[in-house]
Protein chains: 2
Amino acid sequence: MSDLLERLRGRGWRMTAQRRVVAEVLDGEHVHLTADEVHARAVAKLPEISRATVYNTLGELVSLGEVLEVTTDKRAKRYDPNAHRPHHHLVCAHCGAIRDVHPTGNPLADLPSSERFGFTVSDVEVTYRGLCPDCAAA
Amino acid sequence: MSDLLERLRGRGWRMTAQRRVVAEVLDGEHVHLTADEVHARAVAKLPEISRATVYNTLGELVSLGEVLEVTTDKRAKRYDPNAHRPHHHLVCAHCGAIRDVHPTGNPLADLPSSERFGFTVSDVEVTYRGLCPDCAAA
DNA sequence: GACTTGACTTAGACATTGTCCAATGTAGGA
DNA sequence: TCCTACATTGGACAATGTCTAAGTCAAGTC
Ligand SMILES: [Mn+2]
Ligand SMILES: [Mn+2]
Ligand SMILES: [Zn+2]
Ligand SMILES: [Zn+2]
């Protein structure tokens, strides 16, 4: 995460306690927190941090390409710090657990030009759904 | 759509003016309306229809498998009457236009078991993103 | 170290999307 | 025609997200 903080400093960011805390929360593998979850964890480290600052900071990180927005369910957006390695997601339909996955092949190649309707297609998101081991056992 | 109304009658649905109007609105190809858009179009045909009824009816149609929920953007859910032909979506990143597409191949086969984390994977959603012809020209 | 300034943070109002409920209405069978 | 279980309604409430005015502070300058 200090990598991230360094990059942000290089981009002219003022290093505030709030931004440091948000960056700390957004660290690790398979991390896909909602804004309110980020806020709750940030408050544990810095009680006076506001919801508005969390939303602002997340939005800025997304604009900078340091964090991805993921919408695996129809509720809140989730924020994914694993922005520098392209990947897709595997979601448990029962408990919502999310794993990063790396399918083989290139789904873009599977969309023939006759199915492109003249669009310039630049990106593809794949969401696999199923049951995680815990939920399948229950 | 009278097909749909027949199926619903067969399932024991009471045929109300409200349900008929929602079914009428949800007709056609490449239709992906939000609940409020459905409501606005329904009101044009039946001014006294309430938001609650539109939400109730859409929820029931989804439960019955007659309509799909689609979340191509991070805003409102969209309702897709094309539930009987599996397909994916192509979305314009600029104006939000949505087309139904039918990629070749089977993306499920592209997820090796080493990338399944013990999940029972049953479904996959693919969303292609790019620019529609109009937005690319502008 | 003190000063300055524009970027940053905050609380809370407001907006959008969706859910829930008690009261009222009605489709369809008896 | 009557009955009643099912359906609809309006509005309160909830969850998520946006915006703004006022106060705060990081970091450059002296
Ligand atoms: Mn991820
Ligand atoms: Mn569709
Ligand atoms: Zn699970
Ligand atoms: Zn477009």
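Chain letters run A, B, ... following the sequence lines, proteins first, then strands; residues in each count from 1. This one's a predicted model, so the numbers in the text were calculated from it and none came from an experiment.
The pair B/Glu24-B/Arg41 does not meet the salt-bridge criterion, since no charged nitrogen lies less than 4.0 angstrom from a carboxylate oxygen. Under a 4.0 Å N-O distance rule, the pair B/Arg129/A/Glu125 qualifies as a salt bridge. The pair B/Glu6-B/Arg11 fails the salt-bridge criterion, with no side-chain N (NZ, NE, NH1 or NH2) lying under 4.0 Å from an Asp/Glu carboxylate O.
Counting any heavy atom pair closer than 4.0 Å across all strands shown, A/Thr16 reaches sugar-phosphate atoms only and no base atom. Within 4.0 Å of A/Arg19, counting heavy atoms only, lie sugar-phosphate atoms of the nucleic acid but no base atom. Heavy atoms of A/Ala76 sit under 4.0 angstrom from primed sugar atoms or phosphate atoms, though from no base atom.
When rounded to the nearest whole Å, the span between NE2 of B/His39 and C1' of C/dT16 equals 15 Å. Between A/Arg14 atom CZ and C/dT5 atom P the separation is 13 Å, expressed in whole Å. For A/Leu5 and D/dA27, the CG to C1' distance is 17 Å, given to the nearest whole Å. Atom NZ in B/Lys77 sits roughly 19 Å away from atom P in C/dT16 (whole-Å rounding). Taking atom CZ of A/Arg51 as the reference point, atom P of D/dT20 lies 16 Å away to the nearest angstrom. B/Met15 has its CE atom 12 Å from the C1' atom of C/dG28, to the nearest Å. Regarding B/Tyr55, its OH atom lies at a distance of 13 Å from the P atom of C/dC20, rounded to whole Å. Look at CD1 on B/Ile49: it is 17 Å from P on D/dG11, rounded to the nearest Å.
Neither OP1 nor OP2 of D/dC25 sits under 4.0 Å from any side-chain N or O of A/Gln18. For the pair B/Thr53 and D/dT9, the criterion of a side-chain N or O lying under 4.0 Å from OP1 or OP2 is met.
Checked against C/dG12, D/dG10, D/dG17, the side chain of B/Ala52 finds its nearest nucleotide in D/dG10.
Relative ring orientation between B/His102 and B/His87 is described as tilted, the plane-to-plane angle lying within the 30° to 60° band.
Residue whose closest nucleotide on DNA chain C sits further toward the 5' end, between B/Trp13 and B/Tyr79: B/Tyr79.
No donor-acceptor distance shorter than 3.5 angstrom exists from the side chain of A/Arg9 to the backbone of A/Arg14, with no hydrogens or angles considered.
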